[in-house]
Amino acid sequence: MAALRHTRDNPLRVALAGFGNVGRQLAPRLAAGEIPQVRLVAISAADLDRARAASAGLDPRPLVLPAAELPAHADVVVECATYDAFPEIARATLTAGKTLLAVSVGALAANLDLIDLAERYGGVIQIANGAMPGLDEIRCAREAGIGTVTLASRIRPDSLAKEPYVRAQGFDFAAPPKAPVRVFQGTAREAAAAFPRHFNVAVALSLAGIGLDRTRIEVWCDPDIPGAIHHVEVESEAVRLDMTAHNRPSPANRNTSRIVAPSILAALRNMVSPIRVGS
């Protein structure tokens, strides 16, 4: 039997769990039918009244609901909220057997039971992380056998200055350093714990490759970059990878890479496309 195909008349129903910078970039494009086989049906946010006001101009206008109610209306819940909100959104979506398209995947490292929850209820966790290069090729390399994965990330001082881990190490970036400074070296699991709200890339890379405890991470504070730079090196039986992503910051929030919202659109488009590029 052929798989169910989503069409204009039978669209993939999508809800946005989070209506901040990323959600507000996605909503008008989805509501306008940029992906004809996808329909925006609902939105959630920490402040529902503000979300109603901000979404009032969308046509068709989506429902505005608490996060726990989104899965009843949607096939896919796009989590574009915060580290703290991620577990609640994920549990509601996965126990309903729906697909969670996740942005704040750094929170998954501290909530690995969500993977078991997805398996138990038939839900799916899909990671949209456009800031990290080459995840598809890394997944291919894993099938052949990977020896090492390393990530060196360069972050602007203003993004690191208030991080508790950075301050606990004695760094003060209120005034930018004159040269790059390494602030962290360790495993991806340790990086996710040290930078829980800002290091989704380490967790995404680990899940694509060889896991949280074998993936090695360095974090540098770099005063001379406009946006985060992520350099990945992979040694595999099949291929050697050397990849760098120079991310441009979002105009509305410099702590978010501009590529995040397009990565979600690309993932949704892939879900409804008759041809899928990548393994």
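When a residue number appears, it is its place in the shown sequence, counting from 1. For clarity, every value in this text was computed on a predicted model and none was experimentally measured.
- Ion pairing between a basic and an acidic side chain is recognised when a charged N comes within 4.0 Å of a carboxylate O; Asp242 and Arg240 show such pairing.
- Cluster annotation: Val203 and Ile259 are assigned to distinct hydrophobic clusters (Ile/Leu/Val/Met/Phe/Trp/Tyr, side-chain heavy-atom contacts under 4.5 Å, transitive).
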May I have the step-by-step check of salt bridge (Lys or Arg N to Asp or Glu O under 4.0 Å) for Asp113 and Arg91, ending in yes or no?
CA-CA 10 Å; Asp113 63 299; Arg91 292 182 196 286; 2.7 Å; yes
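- Tracing side-chain contacts under 4.5 Å through hydrophobic residues (I, L, V, M, F, W, Y), one never reaches Ile127 starting from Val260; they form parts of separate clusters.
- With hydrogens and angles left out, the side-chain atoms of Asn21 and Ser250 include a donor and acceptor closer than 3.5 Å.
- The side chain to side chain contact (heavy atoms under 4.5 Å, CB included) test with Glu218 singles out one residue from Gln185, Arg154, His231, and that residue is Gln185.
- The heavy-atom pair separating Ala45 from Phe19 by the smallest distance is CB-CB, 4.0 Å.
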Please test Glu34 against Arg269 for side-chain contact (heavy atoms from CB on, under 4.5 Å), starting from the C-alpha separation and ending with a verdict.
CA-CA 9 Å; Glu34 189 163 314; Arg269 195 180 299 277; 4.1 Å; yes
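- Among all heavy-atom pairs drawn from Ala141 and Val239, the shortest one is CB-CG1, 4.0 Å.
- Judged purely by atom type and a 3.5 angstrom limit, Thr150 has no side-chain atom pairing as donor or acceptor with the backbone of Arg216.
- Atom CD of Glu119 is surrounded by 12 or fewer heavy atoms from other residues, nucleotides or ligands within 6.0 Å.
- Minimum interatomic distance between Pro223 and Pro176 (heavy atoms only, all atoms of both residues): CB-CB, 4.2 Å.
- Atoms CG and CG, from Leu212 and Leu112 in turn, are 6.5 Å apart once rounded to the nearest 0.5 Å.
- Considering every non-hydrogen atom in both Pro87 and Asn111, the closest pair reads CG-ND2, 3.8 Å.
- Transitive grouping of hydrophobic side chains (ILVMFWY, heavy atoms separated by less than 4.5 Å) brings Tyr165 and Leu160 into a common cluster.
- Taking 4.5 Å as the limit, every side-chain heavy atom of Val183 sits out of range of all side-chain heavy atoms of Gln169.
- A tilted orientation is assigned to the rings of Phe195 and Phe199, their planes being inclined by 30° to 60°.
- With rounding to the nearest 0.5 Å, the separation of CD in Glu88 from CD in Glu79 is 11.5 Å.
- With Asp47 contributing its side chain and Arg50 its backbone, the two residues share a donor-acceptor pair below 3.5 Å.
- A salt bridge does not link Lys178 with Asp224: none of the charged nitrogens is closer than 4.0 Å to a carboxylate oxygen.
- The hydrophobic cluster containing Leu58 also contains Ile264, counting ILVMFWY residues as joined when their side-chain heavy atoms lie under 4.5 angstrom apart, directly or transitively.
- Residues Val124 and Leu101 are not in side-chain contact: their nearest non-hydrogen atoms beyond the backbone lie 4.5 Å or more apart.
- Judged by distance alone, the side chain of Ser273 and the main-chain N or O of Arg276 form no donor-acceptor pair under 3.5 Å.
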Decide side-chain contact (heavy atoms from CB on, under 4.5 Å) for Val78 and Val22; before the verdict, give the C-alpha distance in whole Å, the side-chain angles of both, and the deciding distance to 0.1 Å.
CA-CA 10 Å; Val78 176; Val22 174; over 6 Å; no
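- In this structure, CG on Leu12 lies 12.0 Å from CZ on Arg5, to the nearest 0.5 angstrom.
- Residues Ser236 and Leu241 are not in side-chain contact: their nearest non-hydrogen atoms beyond the backbone lie 4.5 Å or more apart.
- Shown here for Phe86 and Ala107, the closest heavy-atom pair between the two residues is CD2-CB, 3.6 Å.
- No donor-acceptor pair under 3.5 Å is formed between the side chain of Asp59 and the backbone N or O of Arg61.
- Interatomic distance, OG1 of Thr215 versus CD1 of Ile138, reported as 9.0 Å (0.5 Å rounding).
- Follow the hydrophobic side-chain contacts under 4.5 Å out from Leu16 and you never reach Leu63; the two are in separate clusters.
- Residues Ala194 and Glu163 share a closest heavy-atom pair of O-OE1, 4.1 Å.
- Side-chain contact annotation: Asp75 with His6, donor-acceptor N/O pair under 3.5 Å absent.
- Between the side chain of Thr187 and the main chain of Asp213, no donor-acceptor pair closer than 3.5 Å is present.
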Apply side-chain contact (heavy atoms from CB on, under 4.5 Å) to residues Val41 and Val14 and explain how you reach the verdict.
CA-CA 6 Å; Val41 296; Val14 172; 5.9 Å; no
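- If you take SG on Cys80 and CD1 on Ile43, they are separated by 9.0 Å, rounding to the nearest 0.5 Å.
- Of the possible polar contacts, one joining the Arg214 side chain to the Gly147 backbone as a donor-acceptor pair under 3.5 Å is found.
- Considering OG of Ser153 and CG of Asp222, their distance stands at 11.5 Å, rounded to 0.5 Å.
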Verify side-chain contact (heavy atoms from CB on, under 4.5 Å) between Trp220 and Val181, making sure each step is shown before the conclusion.
CA-CA 5 Å; Trp220 292 75; Val181 177; 5.6 Å; no
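- Of the possible donor and acceptor atoms, one in the side chain of Lys98 sits under 3.5 Å from a partner among the backbone N and O of Ala74.
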